[in-house]
Structures are given as C-alpha cells and as structure tokens.
Asker: 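Quick one: this structure, given as structure tokens, is what I'll be asking you about.
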Number of protein chains: 2
Amino acid sequence: MNPSKEKLVQLRALMKNRDLDAYIILNTDPHLGEYIPGHWRIVHWLTGFTGSSATVVIGKKFAGLWTDSRYFIQAAEQLSGSGFTMKKLNAPDETTPLEWIAYKMKKGGKIGFDGRIFSFEASENLKKHIKEKNVIIDENCDLISGIWTGRPPMPDSISFDHNISFCGKERVVKISEVCEQMKIMKADTHLLTSVDDIMWLLNIRGNDLEYSPLLLSYAIIGHDQVLLFTDDKKIPLKLASEFDRIGITILPYDEVQVILSRLKKGTTILLTPGTTNISLYNSISEKVHIIKDISIPTRLKAIKNSIEIENIRNVMVKDGVALTKFLFWLEKNIIAGRVTELSAAEKLLEFRLQQSDCTGPSFATITAYNEHGASAHYKPSSASNSLLRQDGIFLIDSGGQYLDGTTDITRTISLGTPDKKQKTDFTLVLKGLINLAMARFPAGTKGYQLDILARKALWDNALNYGHGTGHGVGFFLNVHEGPHSIGTGSGANNSFPLAPGLIFSDEPAIYREGKYGIRTENLLLVALDDQSEFGQFLKFETLSLCYIDKSLVDRSLLNSHELNWLNNYHSMVYEKLADLISSEERDWLAEKTEAI
Amino acid sequence: MNPSKEKLVQLRALMKNRDLDAYIILNTDPHLGEYIPGHWRIVHWLTGFTGSSATVVIGKKFAGLWTDSRYFIQAAEQLSGSGFTMKKLNAPDETTPLEWIAYKMKKGGKIGFDGRIFSFEASENLKKHIKEKNVIIDENCDLISGIWTGRPPMPDSISFDHNISFCGKERVVKISEVCEQMKIMKADTHLLTSVDDIMWLLNIRGNDLEYSPLLLSYAIIGHDQVLLFTDDKKIPLKLASEFDRIGITILPYDEVQVILSRLKKGTTILLTPGTTNISLYNSISEKVHIIKDISIPTRLKAIKNSIEIENIRNVMVKDGVALTKFLFWLEKNIIAGRVTELSAAEKLLEFRLQQSDCTGPSFATITAYNEHGASAHYKPSSASNSLLRQDGIFLIDSGGQYLDGTTDITRTISLGTPDKKQKTDFTLVLKGLINLAMARFPAGTKGYQLDILARKALWDNALNYGHGTGHGVGFFLNVHEGPHSIGTGSGANNSFPLAPGLIFSDEPAIYREGKYGIRTENLLLVALDDQSEFGQFLKFETLSLCYIDKSLVDRSLLNSHELNWLNNYHSMVYEKLADLISSEERDWLAEKTEAI
C-alpha cells in the first residue's frame, strides 16, 4: 500500500473522532514565510508531493491537492497512487479549494485545520466563502503530530550577530525608531511574526532555513522592552548579555501565545494579518484593540541605509566576478559535452563561495536549457537534468547570500548561433529591462504605474509574460522581500509608493512553450533625481554587474537611448570587474562588453 | 444687509426648531450628476457662490463653504459679507468638511441634511467620520423649500426619440440585454438613478440641463416591465404609446420612492451606491436584499456599438470642420485686435452650430489666453475676459453635442513666435499624446497601467500635470462618462478593464503658473489588434480630427515613430476635411498639415 494511503486512513480516523467533514492543510509554517523547515513540511510527508504550491483538502471520501501550472506534471506523477487527486489552480473550469469546500460542505458541517499554519487573512477568507453554510470551524485542530512518526524536530541553529559594519545601524537605534512609529500609530504593543523583520530589528541572523539566513522566532515590541521568543540555546551567551543590557528579553518560543493572551484590556496591538497565524491571533483577548497593518520593520527595512547601500554595491562586484568567471568557464567547458543544468548550478555556487563573506545561494538556482526555460520557475532535478550542447538558449537565474547583501540576477545566453526570432525575443525583453531602468518618475509613484515600461516593447509585438516585473530584495535576508513590488495588478505591494533606498528586481521575460525561455534580470536601487516646481523626482540606479549576451541582441531594434544604455552598462561592468579576474578572463570580458 | 446673511438667520431659526447643531448642503441634485438644474442650485441661492465645487456646513455660530483651488479667489470675493467663510479643500493645514464636523460636533449632537442630495456613499462616509460622537442624523431634513421664495421650478423640457439611425440599437433590445445581465447578477429589480443611463436605455433625450441632453427621471427595471418616473407631460404622445406597447410604464417622478418602499421582502435590487441618494435608499425595506454595484446600463453603454462608432467617426469630421474654420477665422481676425476669450468661444460655437445635427456645446468652452491657461479648468467670464494679442499661447478646450455623437477636443496654438521653452513644453505634451495613442496592450489592461505613456516624456524632464489623463465620453450624452478612465490612481474607474468599443480622451498637459497652459486632447477608440499565443491585444484609433500647431513643435524632440504618427495624423486630417471647407481654408489647412 502506498504510504500516503495509510496516512490518509489514519487521518480520516482522527477526523471521525473529531466529527470533521473536511480537514485543510496549507503548505507553510507558523511564520507564513517563503521557505519552511522540514518540521512543517506536512504536505510532502503526507502526499509525497515536493512542490511549493499546495493546498490539501481531505474530505470523507475525496482528498485533493491543488497546485499551480508549474507543478501539474510533477504533481500528477508524485500523487499517483497516493489517494490524493491533483487539482489545478487558475485553470478554466477548475474550482479553487475554497470554492470546492463551499460547494461540497453540507449545512451545519464541520471543518478543521491547524490554526498555526493559517494566516488571519486565510482564515477570514475561508469564513467568507462558507458564510452561508453555517459551518463549524475548528481552528485548533492538529491531527498531524499524533500520526507523524519520525517527524523532523524544529530547526536548532545558533544565531549570530550581524555586524554593524554590514547592517549600518545599531539595534537600539532601530528599536527606538520602531517605537517612534508605534507612537504615531498609537500602538502600545507590536507583534512581529515575519522572521526577517526580527532579524533586521535585532541585527542577528540564523541558519534555520534553506536560502534565507533566519532564526525562527517571534517578537513583541513594547515601549520599554522587546520580548524575543526563541529557544535560549539558540542565542549565544555574548549576544544574550548584550540583549539583556538593552532591554531585550529572551523567552521560550511557545510563550508568545501566553504573553499575547495576557495583553491588558484596552491596550492596542499592531500586527500584520497576512503573516500572523490565526492561532496566535485568537489568543489575543477581544478587549484588546487590534491594528491590522504591515509591520513597522517591514516598512523600515525596505529602505536601505547608506551603509547597506555601500555594502550592496560592493556585493554586486563580488557577485559579478563570480558570475563572469562562471560564464567564462561555461563557454570553455561546454565543448567537452559534460556540463549539465545541475553541474552548471554547482559550478556557479562554487564561484560564488570563493567570494568573501558569501554564505550560500539566496534561492534554488534555475539553470534551464532550451524548453526547460519556458517554465518561469523551472528547477533542475536529477530526473529533468539536461546536458548542455553547443546550440540553443540557456537561462541562469541565481543569487547569493553575503554577509554584506543579497543578490538575484538572471542572464540568458546563447550556446550556439541564435536565429532571428530568438534575437528578436531577446532584444524586446532587453528593451523592457532598459526602459524600466531608465525611468524617471515623481516620488510616490506606484509599482503598477511603472510596470508597462518593462512590457511595452513586448506588447507592441503582441507578446507578454505572465508574472510580475519586479520584487523587493532583502539585505542578507529574504531574496523576495516586501512590502513593495512592480507588476500589473493594483494590490498592496504594487501600490507601495516608491522612495529612495528601495531595491527592486527588473525582470521582463518571454516564454516560448516547448522551445525556450528568455529572461534578463538586474537589481535596481531607487535614488533621488531632479526636484522641480512639479515636485521631487526619482530614478533607478542599476546595481547588478554582469554582461548581457550581445550575440542575442538585434541592434536594429534598439533606439539610440537604449543602445547608449547598453554600451554604458557594459563599460561599467568591465571597469568594475576587470581588475578582479584573470587576464584571460579579462580579455574575454573586454570582448563581451565591447560597444555595439 | 447681505441677502445671504438674512437667509442664514432664517435657516438657523429652522435649525433651532429641529434642534440641529449643524446643517449640511452639497452642491448637487437628486441624480448626483455633473450638471444640476436651477431648482437645485441651493448653494448659489444661499451663499452667492457660483462655482461647481462646494460643500456648505452651517453650525450654530460658524458657516463655511469648502471649495477647491480652482475657486479660491472667486469664492473669497463672492462670499465676502455673506456670513459664509471660505474653506480650502486639499490645502495643507485645512480640515475637510467631514473632519471639521467630526471635530466640532458635541457627543450626542444632531446633524441634518436633505437626503435627496446626499448619495448613499456620502452618507456612509459622514457616518464613519462621526461614529464615535454618537450623533443623531436627520437625513430627511429639507430646510430650504420653506424659505426659498421664487425658487426655479424643476425643468420641464419635452423628451424626444433618439433615432435608431443614430443610436444603432432598439430600446427593446437594450432592455432585454439589461435583463439578461440582471439574471446573471441575480437581481430581480434594477434601480437607475443616473439620468444618462435611462436616456441610453430608452433611446430618448431631453433638454433639462445645460450641456447634457438629459430628461430628469428615474427608472426601475423588472424582468417583465420598465417603470419610467417622470412627469407624463414630458413624454410626447407618440413616444408614450410606443413605450406602452413595449412594456414601459410612465409614473410620476416622485412615485419612485413609493414603488421602492413597496418592493417585496426577499427580493433583490441592484443599485449604484455613488449615484443613489440616501433618501431613495432609505425607502427600501430592510428585508429587500441590495446589490451595490455600477449599473448595468453604465457598463453596456460604455461599449459603443458599430452604428454609434460609424456615427462618431462622421461627427468627428463635422467637429473637425468647425474647429478648422474657427482656427482659420481666428488667425485672420486676431490682427484687428478685437477677439477676446469670450468672443472666440462664441465664434467657435457658431461654427459648430453650422454643422448638421449639432445641438450645442457639450460643456462650458475653455478659451484661455496665456496665464489663464495655467488653471486647468479656467472658464472665461466678463470679469476675466482677455483680449487676444499677436503673441502668446492660446488654449481652446471645447466640444459639441450632435445627435450622432459627443465631442471633446483641446488644441493649444501659438499666436506669435513661441520661445524655446514653450516649444519644448508643447512637444513633450505632444509626445505623451502620441505615445498613449500608439499603445498596444492585452485585452483587460487597466487605465492605471497605461497612464504613464502620456506622462513619460514630461517625467523624463521633471515635469507633470495634476489631473487624470483620460475620461470616457458618452454618445450624445455626458461628455464625462464612466465607468472607465485613465489616470495614476487605482480607484474603480482607472481599474475598469479596457475593451473594444470604449472611448477615452487622451489629454496630457503642462501648466506654468502665471505664464501659460498647454494641453492637447484627442478622443481615442479602443479597437481589436493582433491575437497571439499570449492572448488578444488591443490598440487605439484616434478619432478627433484637427491639426496640431506645428509652430509649437520642436522636431528634434520627436523620435521617428512619433514623427511618423504626427505626419500620418496630419495627412488624415487634411484628407478627411479638405473637401468640406472653402478653397482658401483648404490651402491654409494644407500648410498646417504639411509633413515635417
């Protein structure tokens, strides 16, 4: 019997005990971040599915796993024989999990889930969908702990101090700035649930998760102290005594719920509804006034300080050296016919780790050859791993974590002689990258206003890409960091006003199904531009440093501004990297960056 | 004694009778549209102020009139000695009327207003602001009728049939299409409060208001009949019998409230919260389910049908002829030194009225010489009226109502030799006009995504304009018509998805305070473009036909695409108008439209 089927039997027995008609599992953890520790990978353990997009709903007879188009093939394979049916998200004629629940639930039925992995927002959304069914919801329903034998423990990495020479601002200063903002918002207490907020505030980092240097923890900020909820073994003695000195008290991780339940009647707490799990939320007394908004550290840490910016510029040089060395190596070694998507990714990481203060990749490297590039989030596996040949298109989307910053860059290169259509596609994407990078705009402009600059050249040719244009990037933190982004919709992130110090990715693309994907991505820093009678204007500074493959550029499609941008960019890349690479690499880079 | 002061004394006596601490008057009518009849110009009668932006709040001691920056000078003059204080809207350090009320009202106080001139939304907004004050609100408080002697009666124009050759779709077909949509939205009844919705649905027009060919009325659509609420004297016999034949029942105007109050328990009514006055809203039983959304006719009439589009193209020729003849006349007559802003506007109207089926202007003509052009909504008066000289910049924003369509066009011309800065400003605005007009974009793109195309050339030079870029336009209806628009914000109108058949204005501008204003405006029709693997794409077709003053164009600032657009546009303008003007005008137009 498929192990998932056995687990399903056990789970349904527990559901029956609790009189549940349905049980819901989201693929996340109590902090609702992007990467989750093994301890919370319930979906994988239960269903065998390894993808990130997954909502599981178990009914008395039916059990389904909803995922998005990236994972349709993989989910169908991994769920085969598991007792779970794959359901498609965002597909025509397919219901969403919430619609399915709303449709299938009988009046007066009962639904359960573990409130620790449901955000306040997700819970509200569920309730809205089933409002008319008069359904009972048990938000305190952990059916997994009892049946998951050999469950991985919670991560136990030790935190470390993030030196002031990197982060640029003392933790006491940050805490007092947050308290200032709390006063303005009339909040007595501020709950932090996003781990990167806590890392930023306290100038610490950890190794609890892959890719992001985080230490799983909660924090509650009051006007006279900060409570940090984490296992005290995870805080080294030196750090603990420094914390003690400045009014940061370490309490056990699970104590956060107790402290929240004891908040005084009539006081006011600020929390973020999208990243506060409903279990925590429910522990707050109804007599406490709750302000729901993005957290203050989320807003403050998005604006990089001058030392962070200086460090980031330096990291870009290191990252550019690593990527340049890798691309040089690739060109020389591909001839032997032994480089694969996976081995290329390993080699790239090797070059990054040679750079000072690099701690690892900032996300799972995408090395995508030809048709693999056509899925925006392809990740090579031993099953899919392609051998690179001396023709076709190769897309590399990667990034590094450095003590002095986080990088994220995509280059698409030609491994042979590109055809006209490939060159046109590449050049239209490049025009998008350049036109966003060259934008000048009034302070306060929103991401949704700028998005078209990256798409216009594609739209002019009836082409498009199906994802956002730019995301924020953390500082030795999450590679995808809010509260800001650039995209077509007018949701909160695309509506966050642009201000100096914000960092955005700029990553237009085109995906030709079954053929190839082309994406070029640089990081941009928002900087001051002219001031006039019409107000303060802003501009972007391009941060990333790596040549763009000219063999894929159709020069005739670029106007003079775009051509100037490309030539200026290439001369900057050469200038900043040339002294840090070998003479052979330097000669090669000189050619790659020669003006066209 | 200033008459306003006397009225204020009478009003305060009535307030005392009703135990009111404050009385609020909005400058609108029960249909909450753009133009209001004399009968409802309470603000003008009471305060002497003639501007359109006005919110009046009368307290026991203080009486204030809030207006926006267009009217600061005018309001200060007109309110002098009236007992009303001018208050500035959108000015730093100034409270809004709602903030003022929220601040000044004592707990448990009482506020009154006439619910007929408060939308559901405005009323909700007020309640939200004073929630904590526990204030009693009397929404049924008409203190004006009793003291306004000689109040103008309600308008009594007679409606007329809008011929099928103009409107292109029979009223029965429109009614059945609306009923189809009502079924989809599960609405038993649909209340129409926006008069243009009713005109469109029933293919009638009237002359109750300036500028917009409307007959003040309400309508209620059910699945088997339409109730039209208007004085039956206003419907000619022939139309009335046709209405009778197809199930449209005419009922007295005021009967709408009675019918609404009798809606059956458990039924569902669709209404628009922004244009339904709270007095009507309150007459609906709490046991009726209310769907709040934009009205179905608002959505349907925005998409022009093929006959309307054909008619609009023809109207553009007529309007172009009128404007061309006017500009020719202006150039020849300005030398004599007797043309003023007001006389120019009269002359332009004269040329429009010479065209077939023109019924008048579609809004108050803006003829703005030099510094007058710097206020976006300047309207010449006998006090401000400038004499045009043979130098400087002249802005003309005007439109016509024709049985076969509505126009709105702005041209800015040089009356002498423009300087470099004027040419730069004009050309940057022109680039914006052109780049929006040339846009190609996926079906469903929102107005907020396209807005930057009209601003980019200005932003690149730290310039900007403070209003939206484009509004919808009715078909022999309101010149400003929703539900769609193009602008920087992401509110409902800018978020309405673009679809073929929508019409937008395209009107970037620059305003140099104390010097001049430059605005160029064409109307654009959304049309189908290519379809690809990435979906259906759309484009704009420029509808307006009038040359753009080349003497203000700095050719070196236009790229080849923009230059081609301008030359192609000019050859189209010449081609379409040349046969319809005198030979002298034709030679002159040939020069004005010659390629650069």
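Note on naming: letters A, B, ... go to the chains in the order of the sequence lines (proteins, then strands), and numbering restarts at 1 for each one. Keep in mind that this is a model prediction, so the values were computed, not measured.
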Asker: Hey, is CG on A:Leu528 packed in by over 12 heavy atoms from elsewhere, all under 6.0 Å?
Answerer: yes
Asker: Does any backbone or side-chain atom of B:Leu458 lie under 4.5 Å from a heavy atom of chain A? Answer side chain, backbone, both or neither.
Answerer: neither
Asker: Heavy-atom pairs under 4.5 Å with chain B: which of A:Ile510, A:Ile452, A:Leu453 has the most?
Answerer: A:Ile452
Asker: At a cut-off of 3.5 Å, what donor and acceptor atoms pair up between chain B and chain A?
Answerer:
from     : atom 1 : to       : atom 2 : distance (Å)
B:Arg440 : NH1    : A:Asp460 : O      : 2.5
B:Tyr448 : OH     : A:Thr488 : O      : 2.9
B:Tyr448 : OH     : A:Ser490 : N      : 3.3
B:Asp460 : O      : A:Arg440 : NH1    : 2.5
B:Ala462 : O      : A:Ser532 : OG     : 2.6
B:Thr488 : O      : A:Tyr448 : OH     : 2.9
B:Ser490 : N      : A:Tyr448 : OH     : 3.2
B:Arg512 : NH1    : A:Glu533 : OE2    : 2.7
B:Ser532 : OG     : A:Ala462 : O      : 2.6
B:Glu533 : OE2    : A:Arg512 : NH1    : 2.7

Asker: Relative to chain A, which of B:Gly489, B:Ala439, B:Gly535 shows the most heavy atom pairs under 4.5 Å?
Answerer: B:Gly489
